[in-house]
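Letters A, B, ... mirror the listed sequences (proteins, then strands); counts begin at 1. Computation of the quantities below employed the complete heavy-atom set of this structure, encompassing side-chain atoms and omitting hydrogens, waters and symmetry-equivalent molecules.
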Protein chains: 2
Amino acid sequence: MLTVTSVNVNGLRAAAKKGFVPWLAATAADVVCLQEVRAEPGQLPGEVREPEGWHAVHAPAAAKGRAGVSILTRQKPEEVRIGFGSEEFDTSGRYVEADLPGVTIASLYLPSGEVGTQRQEEKLRFMGEFLIHLDKLRVQAGAAGREVLVCGDWNIAHHEADLKNWKANTRSAGFLPEERAWLSRVFDESGYTDVVRELHPDVTGPYSWWSYRGRAFDADTGWRIDYHVATRGLARRAVSAVVERAETHDLRWSDHAPVTVRYDYEEYGA
Amino acid sequence: MLTVTSVNVNGLRAAAKKGFVPWLAATAADVVCLQEVRAEPGQLPGEVREPEGWHAVHAPAAAKGRAGVSILTRQKPEEVRIGFGSEEFDTSGRYVEADLPGVTIASLYLPSGEVGTQRQEEKLRFMGEFLIHLDKLRVQAGAAGREVLVCGDWNIAHHEADLKNWKANTRSAGFLPEERAWLSRVFDESGYTDVVRELHPDVTGPYSWWSYRGRAFDADTGWRIDYHVATRGLARRAVSAVVERAETHDLRWSDHAPVTVRYDYEEYGA
DNA sequence: CTTATGAGG
DNA sequence: CCTCTTAAG
């Protein structure tokens, strides 16, 4: 069994001061993909920089305090790669890959975007370049007999069931028609599967992000923007998916919740 | 009786969220001089912008979130003046005067300074200009039969008894020989009195500021840098002085403590 | 260590 | 509303 969790920690230093450390100690996951670490490794306390029993690869952004993705694995990766061959984005702390036996697992933090600003254009540029990488990755991995899993905060809700108030958000970054169409290309044309939706086709949500503003969390005014995006062979082996929604405010150490999937994937061999 | 308190609040918005509001409601003071308000009046909650039962005059700095002095009085001042006629400092949120019957009370926030930086030069420029104002103020008030009280954070410890570790601080901003000599000029040549020291000549302290760093407060590693500086006629009428040191961490809403003096001054008539 | 700021989310 | 930043204290 291969259990993988993806979670945007919204600042790993802050999360570590709240409940991230005991959460990590208790998780059954074999691999944890982190987004928005927002720190250089040297700024992190040791218990999250190199947690006992884990191998860690960190891909911080060049800009201090921004973005940053990491992957924690219980067994040492065969290889790790930061970035996806993009001049603009490879130092932006948004993508890292780790090769494990038979499967490549990536942690992705796609730009959030903001309508009418440069940051939305940056998001669209990222999407354009990244789609090419996804295609290449699937083809190369397929040729080598490997599966691919891209976990992360994709910052796009795909369908109406993926956010609470879809009608009010048709012109909001994260639910724009062109963003949704791009995700459809990832899933329908590029040969990847939205694993959590595949396992739970007929529910709204499960949401993985709730704004800190207002009472969004208590009212479950959330978005499903954190995905496990897997090649078909791996997606077929997914046996369960849970969003680890904190049930009390005390346990909420991020505005996102961990998304955990169990894969019945014996090639991983752990 | 005229009771006056001076306190550096280290951000009035933050202090208001801790214990400042109940402290103000409970104080017996007739006049409260505030320093480091660090907000424009419009950013303050009403209960501290115009507290019930008080008249407030606010002198914020032009730079957002910096400095800022205010005076709260139970009776409406005859007149208020912001600044002391300095082109450089009148919009810096460091000085405001209020005329009450028979006495002019000012709230001063002298620059902190930092050795070897521009901010130390700024402090010295302020000191030079301000000494001239103090002389003029004493002369003019004297001619009009008024007393003067300049309360505030002067950011200088005068003598060895005015800070915990004087030997370690002889080259620290706030205890430099030239700063101490300047305070001596204020007290010995300019006709003003250090009211708290006059009432308590033989004690170390009482300190009014303790760094938030380390355990300075618990170890009483403090400085006496908040003063009541009064013309002789008023200083003679001072009957008691207390530094309202918070005894538990819960009650500590600033790194400074209020310095309260009671003046037996019937001319004030309240 | 703490309070502001401004960017980003 | 929250976590970073930098400046100031």
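- Under the side-chain hydrogen bond (donor to acceptor under 3.5 Å, both in side chains) criterion, B:D220 pairs with B:W210, sequence neighbours left out.
- Look at CG on B:N8: it is 12 Å from P on C:dT3, rounded to the nearest Å.
- Residues satisfying the side-chain hydrogen bond (donor to acceptor under 3.5 Å, both in side chains) criterion with B:N169, sequence neighbours excluded, are B:S172.
- Taking atom CZ of residue A:R38 and atom P of nucleotide C:dG8, one finds them 11 Å apart after rounding to whole Å.
- Using a 4.0 Å cut-off, some side-chain N or O of B:Q43 falls inside it from OP1 or OP2 of C:dT5.
- Secondary-structure annotation of DNA chain C gives the stems C:1-4 with D:6-9, C:6-9 with D:1-4, with a stem taken as at least 3 successive Watson-Crick or G-U pairs whose two distances both fall under 3.5 Å.
- For B:E114, the side chain to side chain contact (heavy atoms under 4.5 Å, CB included) test picks out B:T117, B:R119, with sequence neighbours left out.
- Taking atom CG of B:D255 as the reference point, atom C1' of C:dT3 lies 9 Å away to the nearest angstrom.
- Every residue two or more places apart in sequence or in another chain that forms a side chain to side chain contact (heavy atoms under 4.5 Å, CB included) with B:E50 is listed here: B:A56.
- Rounded to an integer number of Å, the gap from CH2 of B:W253 to C1' of C:dT2 is 15 Å.
- Listed in residue order, the members of residues 154-164 of chain B having a heavy atom less than 4.0 Å from DNA chain D come to none.
- Candidate nucleotides D:dG9, D:dA7, C:dG9 were compared by shortest atom distance to the side chain of B:R66, and D:dA7 ranks first.
- With sequence neighbours excluded, the residues that form a side-chain hydrogen bond (donor to acceptor under 3.5 Å, both in side chains) with B:Y109 are B:E36.
- Note: OH (A:Y212) to P (C:dA7) measures 22 Å, nearest angstrom.
- Residues forming a side-chain hydrogen bond (donor to acceptor under 3.5 Å, both in side chains) with B:S184 (at least two apart in sequence, or on another chain): B:H158.
- As rounded to whole Å, 15 Å separates atom P of C:dT2 from atom NZ of B:K17.
- Residue pairs meeting the salt bridge (Lys or Arg N to Asp or Glu O under 4.0 Å) criterion with at least one member in residues 153-167 of chain A, sequence neighbours excluded, are A:D162-A:R197, A:D162-A:R224.
- For A:R125, the side chain to side chain contact (heavy atoms under 4.5 Å, CB included) partners two or more places apart in sequence, or in a different chain, are A:E88, A:F89, A:E121, A:E122.
- The stretch residues 111-123 of chain A touches DNA chain C through A:S112, A:R119, each having a heavy atom within less than 4.0 Å of the strand.
- Where A:R213 and A:R13 each meet DNA chain D at their nearest nucleotide, the meeting point lying more 5' is that of A:R213.
- Evaluation of the side chain to side chain contact (heavy atoms under 4.5 Å, CB included) rule for B:K64 yields B:E40, B:Q43 as partners, not counting sequence neighbours.
- Distance, B:L12 CG to D:dG9 P: 18 Å, rounded to whole Å.
- Applying the 4.0 Å criterion to OP1 and OP2 of D:dA7, one finds that B:K64 has every side-chain N and O outside that range.
- We find that B:R180 and B:E178 are not joined by a salt bridge, their nearest charged nitrogen and carboxylate oxygen being 4.0 Å or further apart.
- In the set C:dA4, D:dG9, C:dG9, C:dG9 carries the atom at the smallest distance from any side-chain atom of A:R94.
- At least one donor-acceptor pair closer than 3.5 Å links the side chain of B:N155 to the backbone N or O of B:L110.
- Taking atom CG of B:D153 as the reference point, atom P of D:dA8 lies 17 Å away to the nearest angstrom.
- Atoms CZ and CG, on B:F126 and B:L131 in that order, are 11.5 Å from each other to the nearest 0.5 Å.
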